[in-house]
Amino acid sequence: MPTISNTYSPAPTGTTVQGSSVSNREDLLDVLTILAPEETPVLSSANKSQAKSTFVEWTVDSLDSVSTSGISEGTDITSFTDKFSKRARLGNYVQKFRRDYLVSDLQEAVDSVGPAKVAQAEAKAIRELKRDVEATIISDNEMSSENGTGTPYALRGLGKWINNSAQSVNPVPSDFRTSTDAIHASGTFAETNLNDIITAIFRETGNAESLMLVADTALRRDVTDFARIASDAKEMRRVNYNGGEAEITISVEMYQSDHGMISIVNMNPDTSPDTTNKDVGYFINPEYFGVAELIPMGSTRLPNLGAGERGYVDCALTSLVMHPQAHGKVTGT
């Protein structure tokens with residue numbers, strides 16, 4: 001058999017490869033692919049405000065029950081009602097988030113696909129940080145206070161706020177807890193269950209027009225099978241910031257409920273509280289939900305001590321569930 005030149009050059013173990021293949025050029029595309037879900041619909045659509053302390057508080061109140069009784073002619077007023085007796089104070093701790101990055105001096109100097117420089121490392125850390133924040137906001141985490149011995153500040157996630165039970169820290173009074181009718185805990189999630197949650201929220205707020213259902217993949221599939229869904233819709237959502245406002249565009253499907261249009265948004269699967277069943281969802285009313293930032297998201301470069309450029313990105317914030325009765329959730333289907 002004649003000897004030919006090949007694109008491969010098999011050689012015994014421990015020997016240097018020789019032959020035509022050593023001069024073949026690499027065909028490395030100038031493309032870098034990161035395969036990971038990045039959208040943060042809850043964080044992105046939340047109204048932003050400035051926090052001024054590690055514990056952010058707000059007050060809630062309610063109206064008395066309606067009365068259909070008349071007043072007899074000539075009846076004097078003999079008793080008076082304290083209109084603020086039901087007022088309560090709620091709050092949430094600020095939580096600090098951080099991601100670090102480091103690029104060696106040699107890596108900074110060479111030409112690479114991507115590229116892999118300190119600016120790209122910084123940008124990647126920010127993307128990771130945003131997902132950390134999103135996952136924490138929609139988690140079942142309970143709030144905690146810094147104790148100086150290993151327990152950091154932690155915010156209460158939506159899974160705890162949207163709850164009919166008392167919380168262990170800074171409990172929500174029973175008058176302001178989420179209605180059991182606005183929570184689907186287990187069993188098949190049918191269109192009737194969807195409408196029951198929307199109706200329960202409407203009975204508390206009088207308005208369910210602006211509700212946004214952030215649904216994990218299994219729950220989203222259930223909802224897609226329901227009737228009255230307009231697919232491939234785009235929605236502009238207005239978000240308030242300190243000193244101004246902005247608009248974001250999100251891909252949604254719209255559900256025409258008995259109490260108005262509900263937007264349905266995909267949950268980032270990497271931030272889901274339930275990575276096994278993937279059937280969690282939150283009904284969020286943007287009018288009663290926000291994020292307060294004590295330290296806005298930003299980057300800090302640290303001195304290069306010889307290893308290379310390094311730094312970190314961080315933020316400190318908390319979620320504001322202005323009224324737990326304005327929201328709902330699905331925790332199992």
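- A donor-acceptor contact shorter than 3.5 Å is absent between the side chain of Glu293 and the backbone of Val291.
- Between the Ser144 side chain and the Pro152 main chain, a donor and an acceptor come within less than 3.5 Å of each other.
- Rounding to the nearest 0.5 angstrom, the gap separating the CZ atom in Arg131 from the OG1 atom in Thr136 is 12.0 Å.
- When side chains are defined from C-beta on, Ile137 counts as touching Leu43, because their heavy atoms get closer than 4.5 Å.
- Within 6.0 Å of atom NZ in Lys96, 12 or fewer heavy atoms from other residues, nucleotides or ligands are found, so the atom counts as exposed in its surroundings.
- Counting only distance, with no hydrogens or angles, the side chain of Arg221 and the backbone of Asp216 share no donor-acceptor pair below 3.5 Å.
- No side-chain donor-acceptor contact under 3.5 Å links Lys124 to the backbone of Ala121.
- In this structure, Gln325 contributes its side chain and Arg177 its backbone to a donor-acceptor pair below 3.5 Å.
- The distance from the CZ atom of Arg99 to the CD1 atom of Ile126 is 12.5 Å, given to the nearest 0.5 Å.
- A salt bridge between Glu142 and Lys160 is absent, with no side-chain N of the basic residue lying under 4.0 Å from a carboxylate O of the acidic one.
- Judged purely by distance below 3.5 Å, without hydrogens or angles, the side chains of Tyr153 and Glu146 never pair a donor atom with an acceptor atom.
- Side-chain N/O atoms of Ser299 and Tyr101 include a donor and acceptor closer than 3.5 Å.
- Expressed to the nearest 0.5 Å, how far NE2 of His323 lies from CD of Glu287 amounts to 13.0 Å.
- Remark: the backbone N or O of His327 is not paired with any side-chain donor or acceptor of Asn285 at under 3.5 angstrom.
- We find that Asp61 and Lys83 are not joined by a salt bridge, their nearest charged nitrogen and carboxylate oxygen being 4.0 Å or further apart.
- Taking Ile, Leu, Val, Met, Phe, Trp and Tyr as members and joining any whose side-chain heavy atoms lie under 4.5 Å apart, directly or through other members, Leu305 forms no hydrophobic cluster with any other residue.
- Within the model, atoms NZ of Lys117 and CD of Glu108 stand 5.5 Å from one another, a figure rounded to the nearest 0.5 Å.
- No side-chain donor-acceptor contact under 3.5 Å links Thr199 and Asn195.
- One finds the OG atom of Ser257 at 12.0 Å from the CD1 atom of Ile197 (value rounded to the nearest 0.5 Å).
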Show me the donor-acceptor pairs, under 3.5 Å and distance only, between side chains in residues 308-316 and residues at least two apart or in other chains.
| from | atom 1 | to | atom 2 | distance (Å) |
| --- | --- | --- | --- | --- |
| Arg310 | NE | Pro303 | O | 3.0 |
| Arg310 | NH2 | Pro303 | O | 3.4 |

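- In terms of modelled atom types and a separation under 3.5 Å, the side chain of Asn92 and the main chain of Thr318 share no donor-acceptor contact.
- Atom CE in Met267 sits 10.0 Å away from atom CG in Asp279 (nearest 0.5 Å).
- A donor-acceptor pair under 3.5 Å links the side-chain atoms of Tyr282 to the main chain of Ile138, judged by distance alone.
- Arg98 and Asp132 are not joined by a salt bridge, as no carboxylate oxygen comes within less than 4.0 angstrom of a charged side-chain nitrogen.
- Under a hydrophobic clustering in which Ile, Leu, Val, Met, Phe, Trp and Tyr are joined whenever their side-chain heavy atoms come within less than 4.5 Å, directly or via other members, Leu302 and Leu129 fall into different clusters.
- Salt bridge present: Arg89 and Glu57 bring a charged side-chain N and a carboxylate O closer than 4.0 Å.
- Using a distance-only test at 3.5 Å, with no hydrogens or angles considered, a donor-acceptor pair links the side chain of Ser139 to the main chain of Asn141.
- Between the side chain of Lys329 and the main chain of Phe283, no donor-acceptor pair closer than 3.5 Å is present.
- Between the side chains of Ser272 and Asp274, no donor-acceptor pair is found at a separation under 3.5 Å.
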